Structures are given as structure tokens and as C-alpha cells.
Amino acid sequence: QVHLVESGGGLVQAGGSLRLPCAASGRFYNTYSLVWFRQAPGKEREFVAGIGWSGGRTEYADSVKGRFTISRDSAKVTVYLQMNSLKPDDTAIYYCAAGLVVTRRSDEYAWWGQGTQITVSS
């Protein structure tokens with residue numbers, strides 16, 4: 001069993017920044033890819049960003065490119081999402097997930113965190 005725990009959520013004003021960590025444990029292999037998805041009320045869960053096991057490959061949704069940065073620590077068991085220039089449209093529950101490769105399909109991931117709420121006020 002792989003355990004993923006997100007933190008760092010909260011309320012922030014538009015234009016502000018937040019950093020979300022997600023720590024992996026249990027039967028997690030540091031060769032797994034780690035990704036972030038988000039789900040706003042009434043909308044489907046959508047891909048936000050992903051990072052390969054080495055950290056050399058990253059991928060972003062067009063809606064966050066240039067504003068968000070994904071990274072992982074040297075032990076490769078914690079993934080971070082640095083969110084800058086936040087907009088009200090970024091309001092959602094943010095989830096991290098682990099899988100063999102980075103893919104934008106949520107059904108490709110077997111392990112998910114519980115999610116953390118981000119609310120961006122205008």
C-alpha cells in the first residue's frame with residue numbers, strides 16, 4: 001500500500017502564492033512518477049502537473065504553465081507544487097497521485113492522497 005499525504009492548503013488572495021507538499025510512504029518506490037490533479041466543484045478531476053522519477057521530466061496543464069512549478073526532493077519521496085500568481089479559477093481540491101509514468105488520465109493512477117483545499121479569493 002502506498003500512502004500519500006498532501007498539506008499546505010488554505011485561503012489566499014488572487015495574485016498570491018502557495019506551496020503544496022505531498023509526502024509518500026509505505027510501499028512507495030522512489031522510481032514512481034508523482035503528479036498533481038485538481039477538482040473544482042461540479043467539474044471533473046483535471047491534470048495539473050507531473051514529474052518523472054528522476055525529476056528531469058516535468059509536464060504541465062496549459063492553464064498553469066508559467067505559474068506553477070512541480071519538483072521533488074532529493075530522496076524523491078516528496079513532491080511539491082509551487083503555485084504563483086494564483087487566480088480564482090485555481091480554486092479546487094488538489095490531489096497528488098503516484099504511478100509508473102506521468103499521464104494526464106486520472107484513471108491511470110492507483111494511489112491518491114486525500115486532497116487539500118485551495119481557495120483563491122478575488
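Since this is a predicted model, take the numbers as computed values, not measurements. Note: hydrogens, waters and symmetry copies are ignored here, and every other heavy atom, side chains too, is used.
With Gln39 contributing its side chain and Glu46 its backbone, the two residues share no donor-acceptor pair below 3.5 Å. Looking only at distances, a side-chain donor or acceptor of Asp73 sits under 3.5 Å from a matching main-chain atom of Thr78. With hydrogens and angles ignored, the 3.5 Å screen pairs no side-chain donor or acceptor of Ser33 with any backbone N or O of Gly52.
Stacking of Arg45 on the aromatic ring of Tyr95 is recorded, both the 6.0 Å distance cut-off and the 45° axial limit being met. Cation-pi geometry between Arg19 and Tyr80 is met: under 6.0 angstrom from the ring centre, within 45 degrees of the axis.
Grouping the Ile, Leu, Val, Met, Phe, Trp and Tyr side chains by contacts below 4.5 angstrom, directly or via other members, places Tyr94 with Val120. Under a hydrophobic-cluster definition in which Ile, Leu, Val, Met, Phe, Trp and Tyr are linked whenever side-chain heavy atoms come within less than 4.5 Å, directly or via other members, Leu4 and Val102 are assigned to different clusters. Grouping the Ile, Leu, Val, Met, Phe, Trp and Tyr side chains by contacts below 4.5 angstrom, directly or via other members, places Ile70 apart from Phe47. Clustering ILVMFWY residues whenever any of their side-chain heavy atoms sit less than 4.5 angstrom apart, transitively, puts Ile93 in a cluster other than the one holding Met83. In the hydrophobic cluster analysis, where Ile, Leu, Val, Met, Phe, Trp and Tyr join through side-chain heavy atoms closer than 4.5 angstrom, Val79 is grouped apart from Trp112.
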*Take Ile51 and Arg57 through the test side-chain contact (heavy atoms from CB on, under 4.5 Å) and record every step on the way to the result.*
CA-CA 6 Å; Ile51 188 166; Arg57 179 195 171 215; over 6 Å; no

*Stepwise side-chain contact (heavy atoms from CB on, under 4.5 Å) test for Leu81 and Arg38*: CA-CA 12 Å; Leu81 186 66; Arg38 68 186 181 186; over 6 Å; no

*Check the pair His3 / Arg27 against side-chain contact (heavy atoms from CB on, under 4.5 Å), numbers first and verdict last.*
CA-CA 8 Å; His3 300 284; Arg27 301 189 70 176; over 6 Å; no

*Just do the salt bridge (Lys or Arg N to Asp or Glu O under 4.0 Å) check on Arg105 and Asp107 with the steps written out, would you?*
CA-CA 5 Å; Arg105 291 185 51 172; Asp107 60 358; 2.7 Å; yes

*Which is it for Tyr29 and Val2 under the side-chain contact (heavy atoms from CB on, under 4.5 Å) test, yes or no, and what are the steps along the way?*
CA-CA 9 Å; Tyr29 295 96; Val2 172; over 6 Å; no

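Aromatic ring centroids of Phe68 and Trp36 lie 6.0 Å or more apart. Remark: aromatic rings of Phe37 and Tyr109 are close, center separation under 6.0 Å.
Counting heavy-atom neighbours within 6.0 Å of Leu100 CG, excluding the residue itself, gives a total of 12 or less.
With values rounded to the nearest 0.5 angstrom, Ile118 atom CD1 is found 5.0 Å from Leu18 atom CG. Remark: Arg67 CZ to Ser85 OG distance equals 7.0 Å, nearest 0.5 Å. In this structure, NZ on Lys65 lies 9.5 Å from OG1 on Thr58, to the nearest 0.5 angstrom.
Residues Val12 and Thr119 form no side-chain contact, since every pair of their non-hydrogen atoms from C-beta on lies 4.5 Å or further apart. Side-chain contact check for Leu11 versus Ser121: some heavy-atom pair is nearer than 4.5 Å. Side-chain contact between Tyr32 and Trp111: present, with at least one pair of heavy atoms (C-beta onward) separated by less than 4.5 Å.
Look at Glu59 and Arg104 and you find a salt bridge, because one of the NZ, NE, NH1 or NH2 atoms lies within 4.0 Å of a carboxylate O, short of that distance. Remark: Lys87 does not engage Asp90 in a salt bridge, criterion side-chain N to carboxylate O under 4.0 Å.
Considering every non-hydrogen atom in both Ala98 and Leu34, the closest pair reads CB-CD2, 3.8 Å. Of all heavy-atom pairs between Asn84 and Ser17, the closest is OD1-OG, 2.9 Å. Residues Ala40 and Ala92 approach most closely at N-CB, 3.8 Å, considering heavy atoms.
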